Amino acid sequence: MSDPRPGERLLDLVAVMARLRAECAWTGQQTHESLSRYLLEETYETLEALDDGDTDLLREELGDLLMQVVFHAAVAADTGEGWDVDDVAAGITDKLVRRNPHVFADGTARTPEEIDAAWQAVKAQEKAATGARDAHPLDGIARDLPALATARKALDRVPDLDTSGDDVGSRLLRLVAEAREQGVDAEEALRRAVRDRLA
């Protein structure tokens, strides 16, 4: 008997979720809104496993996170929102192909920096093609993203952002800018520093 093809067990997950939606009273009554806290919790638990370097726990937490994706897609399918798990998978697959022309087309980017720049250029072209345009530098940055991560994304968009001032917020913004210049993720660095000191 041959080994299963990569991804085959994803179909099992979709089938199990469909049965739970049909036969489990709790699962069947869930909505996007009622599931939102679980999505956030699972995301942070996945990050914690990653921080701890526990690859077995990381695998488990990624499974819980994947379940949330499949769960939300099942809710959308059941409530007639016009999309399902296949649409989710098709959307991200198409995006990956489109934004990586150095692999799937005739793109010339080779270094990580060139690849990131090409990704951003394709993303900008997609927005222009749909008429979408960020009216404000924070547009498109998730409202609930942690503050240090928000600052990093803002600095990516506006590298010459004014970081002057002696208040705590300005000083934190300068530290995020300094971390960015050093290629360090300030959110991750702070999280690790706290965990290391409390270990």
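These numbers were taken from a predicted model, which means no experiment stands behind them. What you see below is based on every heavy atom in this structure, not just the backbone, and it leaves out hydrogens, waters and symmetry mates. For reference, positions follow the sequence shown, starting with 1.
- Taking a 6.0 Å sphere around CG of Asp144, one finds it holds 12 or fewer heavy atoms contributed by other residues, nucleotides or ligands.
- Smallest separation of non-hydrogen atoms from Leu145 and Thr150: O-OG1, 3.2 Å.
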Using distance only, find each side-chain donor-acceptor pair of residues 102-110 under 3.5 Å and give its atom names and separation, not counting sequence neighbours.
none

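- Hydrophobic clustering, with ILVMFWY side chains joined whenever heavy atoms are under 4.5 angstrom apart, groups Val75 together with Val14.
- In this pair, Trp83 and His32 present their aromatic rings parallel. The plane angle is below 30°, not in the 30 to 60° band.
- Scored by the side-chain hydrogen bond (donor to acceptor under 3.5 Å, both in side chains) test, Arg171 finds no partners at all (sequence neighbours excluded).
- Considering only heavy atoms from C-beta on, Leu62 comes within 4.5 Å of Thr46 through its side chain.
- Summarising the hydrophobic clusters (Ile, Leu, Val, Met, Phe, Trp, Tyr; side-chain heavy atoms under 4.5 Å, direct or chained), the residues clustered with Val194 are Leu148, Leu155, Val158, Leu161, Leu173, Val176, Leu190, Leu198.
- Applying the side-chain hydrogen bond (donor to acceptor under 3.5 Å, both in side chains) definition to pairs two or more places apart or across chains, those involving residues 186-199 are Asp51-Arg191, Asp52-Arg195, Glu188-Arg191, Glu188-Arg192.
- Qualifying salt bridge (Lys or Arg N to Asp or Glu O under 4.0 Å) partners for Asp12, counting only residues two or more places apart in sequence or in other chains: Arg9.
- The number of heavy-atom neighbours closer than 6.0 Å to CZ of Arg174, taken from other residues, nucleotides and ligands shown, is above 12.
- Take Gln182 and apply the side chain to side chain contact (heavy atoms under 4.5 Å, CB included) test, not counting sequence neighbours, and it matches Glu178, Val184.
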